[in-house]
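Worksheet: one structure, shown below.
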Amino acid sequence: MTDKRRIAFLASTSDLAQDARARLIARYGDAPVEAADVIVALGGDGFMLQTLHGTQHLSVPVYGMNCGTVGFLMNEFAEMGLTRRLADAEEEVINPLAMTAEDAAGRIHEALAINEVSLLRAGPQAAKLRITVDGKVRMEELICDGALVATPAGSTAYNYSAHGPILPIGSAVLALTPMAAFRPRRWRGALLPRTATVRFDVLEPQKRPVMADSDGRSVRDVLWVSVRSDPAVRHRILFDPGHGLEERLIREQFV
């Protein structure tokens, strides 16, 4: 049976992705994003995140094909057989993190993060943070290069590089992971329920400036950052059968 869904093709700015988009449009046509039944994103993981953020108001599934360097969220690229692949694809639904932050000028910033919200030192001295979970102070002082809260979908990204745990995609938990913790020196982080709200207060912000980052969108000189999962936002991602996020997360642990 032929898949009659209207496809919108989006591509990163790389020559490889743009060439792939032109060839796919010539073969399958190209629907406007607002009228599409499915969106095909061509690029790497960074472009996939950009596409998910940019189209989240549409509630349209996104199928990524790797035309970049990193493709954890992407399927392999192939020009032929796309309609069949889309018809057979398995859907994963992920909820992003909602970040709220106040900067030194008193401005409030809000953003969503599919992978993680991270705090990073922005000067020569280590950051000094207080960590509160659901209104209760859990760590009075963490001296570190930074700290992050990661979703299961983002647990193999920055979180894994910082020696945080890989989380099963269906787990209702978040990873709270320090980066280069100096004190407490042996603290490796914590697993928190997905319903938790994590607040970071920056101690000595003028002496030890900190920036916050939400999937590549940065806020400098933050005073505090609050992070929670946002179940009201649902990102629909399509994967080829047998290559979904759950399988990828398991496979990553045996590399």
Side-chain angles (χ1 to χ4, degrees), residues 49 52-53 56 59 72-73 91-102 108-120 127-181 184 186-203 210 212-215 217 219 222-237 239 244-253:
L49 293 176
L52 291 171
H53 283 298
Q56 67 187 33
S59 189
F72 185 79
L73 297 174
E91 182 175 309
E92 303 272 9
V93 177
I94 59 176
N95 304 115
L97 298 171
M99 178 189 82
T100 304
E102 182 182 2
I108 300 296
H109 304 262
E110 295 183 341
L112 296 176
I114 295 166
N115 275 356
E116 76 279 317
V117 172
S118 57
L119 281 75
L120 305 164
K128 187 179 289 188
L129 307 173
R130 178 191 302 121
I131 301 175
T132 303
V133 180
D134 291 334
K136 183 174 182 178
V137 176
R138 293 293 183 177
M139 185 166 289
E140 287 285 356
E141 184 177 282
L142 171 66
I143 301 177
C144 57
D145 278 354
L148 61 84
V149 178
T151 66
S155 63
T156 61
Y158 199 177
N159 171 72
Y160 192 39
S161 297
H163 307 291
I166 293 179
L167 306 177
I169 191 62
S171 61
V173 296
L174 303 173
L176 169 57
T177 302
M179 288 170 272
R186 297 184 184 276
W187 190 62
R188 299 297 299 273
L191 294 178
L192 302 173
R194 186 173 58 188
T195 56
T197 297
V198 183
R199 176 176 167 126
F200 301 94
D201 285 283
V202 179
L203 309 179
V210 171
D213 185 273
S214 173
D215 278 357
R217 289 160 294 177
V219 181
V222 293
L223 301 179
W224 59 264
V225 177
S226 178
V227 184
R228 61 176 179 82
S229 180
D230 190 344
V233 181
R234 302 169 74 252
H235 294 292
R236 302 167 61 195
I237 308 178
F239 293 97
L245 278 179
E246 183 174 348
E247 168 62 23
R248 293 171 188 227
L249 289 168
I250 294 173
R251 189 172 61 219
E252 190 74 17
Q253 297 174 81

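Everything numeric in this text was worked out from a predicted model, so none of it was measured.
Closest heavy-atom contact between V222 and A212: CG1-CB, 3.9 Å. The shortest non-hydrogen separation linking N95 to R234 is ND2-CG, 3.9 Å. Looking at every heavy atom in both residues, L191 comes nearest to P165 through CD2-CG, 3.7 Å. Across all their heavy atoms, C144 and L129 have their closest contact at SG-CD1, 4.0 Å. Taking both residues in full, the closest heavy atoms of F239 and L73 are given as CE2-O, 3.5 Å, listed atom of the first, atom of the second, then distance. When all heavy atoms of R236 and L52 are compared, the closest pair comes out as O-CD2, 4.4 Å.
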> Can you list the steps and then say if F200 with L142 is a side chain to side chain contact (heavy atoms under 4.5 Å, CB included)?
Replying inline: CA-CA 10 Å; F200 301 94; L142 171 66; 6.0 Å; no
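Not a single donor-acceptor pair under 3.5 Å links the side chain of S214 to the backbone N or O of V117. Within the 3.5 Å criterion, the main-chain N or O of L97 finds no donor-acceptor partner in the side chain of D230. Of the possible donor and acceptor atoms, one in the side chain of D215 sits under 3.5 Å from a partner among the backbone N and O of I114.
Between E116 and N159, the closest side-chain pair of non-hydrogen atoms is not below 4.5 Å. Using a 4.5 Å heavy-atom cutoff, the side chains of L223 and V202 are not in contact. Residues T197 and R199 are not in side-chain contact: their nearest non-hydrogen atoms beyond the backbone lie 4.5 Å or more apart. Counting only heavy atoms from C-beta outward, the side chains of S226 and V198 never approach each other to under 4.5 Å. For the pair I108/E102, a side-chain contact is recorded, criterion being any heavy-atom separation below 4.5 Å from C-beta on.
With 3.5 Å as the limit, one finds a donor-acceptor pair spanning the side chains of H53 and R217.
Rounded to the nearest 0.5 Å, atoms OG (S155) and CG (L174) are 10.5 Å apart. Residue W187 holds its CH2 atom at 4.0 Å from CD1 of I131, rounded to the nearest 0.5 Å. Rounding to the nearest 0.5 Å gives a distance of 9.5 Å between CG of L148 and OG of S161. Taking CG of N115 as the start and CG of L49 as the end, the distance is 5.0 Å to the nearest 0.5 Å. Atom CZ of R188 sits about 9.0 Å away from atom OG1 of T177, to the nearest 0.5 Å. Rounding to the nearest 0.5 Å gives a distance of 8.0 Å between CD1 of I169 and CD1 of I237.
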